Amino acid sequence: MQDTPRPPATPAQALTAMDHTIATHLLSQQEMARRLHLNVTDLTCFAFVLEAGEELLTAGDLAERAHVTTGAVTGILNRLERAGYITRRPDPNDRRRVRVAAQSDAVARLHALYGPYYARLAALIADYSPAEVAVLADWFTRQGRLAREYMDEIGGTDT
């Protein structure tokens with residue numbers, strides 16, 4: 001944990017730092033996707049599949065989370081299945097639907113690539129007090145909700 005006080009920052013400086021973080025994150029996601037032989041949207045959808053864990057997602061669930069049409073998600077699932085990232089399983093409650101499960105060897109490939117990065121992030125987070133981590137978690141959660149709401153608000157509009 002850091003012993004020295006953190007430098008002060010203005011809201012404008014915080015927004016600039018956020019913009020730089022997002023830009024760097026987008027570039028790193030593109031590189032991670034390239035190394036996994038995926039595009040960024042397919043990688044993002046695979047991450048949603050992993051996040052769901054044992055609660056397997058339907059194609060509709062995935063379309064909603066990724067903010068794509070059900071037609072687009074069909075193409076995404078086809079590519080992920082061909083690349084060996086997912087399998088489709090019949091929904092035990094509705095034969096018309098399928099659920100999406102991650103392939104264990106694909107999960108291992110993803111962990112091999114992201115593991116070192118997440119270890120570094122964990123070390124960075126350990127530099128913060130529990131109260132600061134709570135603020136970070138709250139901010140990320142609220143900012144994510146705000147971004148999704150704004151995406152919904154502007155969806156389907158052209159500027």
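Every value quoted in this text rests on a predicted model; they were computed, and no experiment measured them.
For the pair His67 and Met151, the tightest heavy-atom approach, listed with the atom from each and the gap, is CD2-CE, 3.4 Å. Closest non-hydrogen pair, Ala106 versus Gly84, comes out as CB-O, 3.6 Å. Scanning all heavy atoms of the two residues, the minimum distance from Leu50 to Ala102 falls at CD2-CB, 3.6 Å. Closest non-hydrogen pair, Leu77 versus Arg88, comes out as C-NH2, 3.2 Å. For the residue pair His111 and Pro116, the shortest heavy atom distance occurs at O-CD, 4.3 Å.
Ion pairing of Arg35 with Glu31 is present here, as a side-chain N (NZ or NE/NH1/NH2) and a carboxylate O approach within less than 4.0 Å. Between Arg95 and Asp91 there is no salt bridge, since none of the side-chain N atoms of the basic residue sits less than 4.0 Å from a carboxylate O of the acidic one. The pair Arg65-Asp61 does not count as a salt bridge, with every side-chain nitrogen at least 4.0 angstrom from each carboxylate oxygen.
Using a 4.5 Å heavy-atom cutoff, the side chains of Val100 and Thr58 are not in contact. The side-chain heavy atoms of Arg99 and Arg97, taken from C-beta on, include a pair separated by under 4.5 Å. In this structure, the side chains of Trp139 and Met18 come closer than 4.5 Å at one or more pairs of heavy atoms.
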Step-by-step side-chain contact (heavy atoms from CB on, under 4.5 Å) determination, Leu80 to Leu38: CA-CA 8 Å; Leu80 287 171; Leu38 297 172; 3.8 Å; yes
side-chain contact (heavy atoms from CB on, under 4.5 Å) between Val40 and Thr44, worked out: CA-CA 6 Å; Val40 172; Thr44 300; 4.1 Å; yes
Intermediate values then yes/no, salt bridge (Lys or Arg N to Asp or Glu O under 4.0 Å), Arg142 and Asp138: CA-CA 6 Å; Arg142 292 170 61 195; Asp138 177 65; 3.2 Å; yes
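Under the 3.5 Å distance criterion, with hydrogens and angles disregarded, no donor-acceptor pair is assigned to the side chains of Asp19 and Thr16.
Taken to the nearest 0.5 Å, the CG atom of Leu110 stands 8.5 Å off from the CE atom of Met32. Distance check: Leu121 CG to Tyr114 OH gives 11.0 Å after rounding to the nearest 0.5 Å. Put simply, CZ on Arg79 and CD1 on Ile86 are 11.0 Å apart, with the number rounded to the nearest 0.5 Å. Separation of atoms CD1 (Ile154) and CD (Glu149) is listed at 13.0 Å; rounding is to 0.5 Å. To the nearest 0.5 Å, the span separating CD on Gln103 from OG1 on Thr87 amounts to 5.0 Å. Separation of atoms CG (Leu43) and CG (Asn39) is listed at 8.5 Å; rounding is to 0.5 Å.
Other residues, nucleotides and ligands contribute only 12 or fewer heavy atoms inside 6.0 Å of the OH atom of Tyr117.
Counting only residues at least two apart or in different chains, ring-ring contact (aromatic ring centres under 6.0 Å, His included) contacts with residues 23-55 comprise Phe46-Tyr85.
Note on Phe140 and Tyr118: separate hydrophobic clusters, where clusters join Ile, Leu, Val, Met, Phe, Trp and Tyr whose side-chain heavy atoms are under 4.5 Å apart, directly or indirectly. In the hydrophobic clustering of this structure, Val133 groups with Leu124; members are Ile, Leu, Val, Met, Phe, Trp, Tyr whose side-chain heavy atoms approach within less than 4.5 Å, directly or through other members.
A donor-acceptor pair under 3.5 Å is absent between the side-chain atoms of Glu55 and the main chain of Ala52, judged by distance alone. Formation of a donor-acceptor pair under 3.5 Å by the Gln13 side chain with backbone atoms of Thr10 is found in this model. Not one N or O on the side chain of Arg34 forms a donor-acceptor pair closer than 3.5 Å with the backbone of Gln30.
For the side-chain contact (heavy atoms from CB on, under 4.5 Å) test, residues two or more places apart in sequence or in another chain that qualify with Val73 are Ala59, Leu62, Ala63, Val68. Every residue two or more places apart in sequence or in another chain was checked for a side-chain contact (heavy atoms from CB on, under 4.5 Å) with Glu64, and none qualifies.
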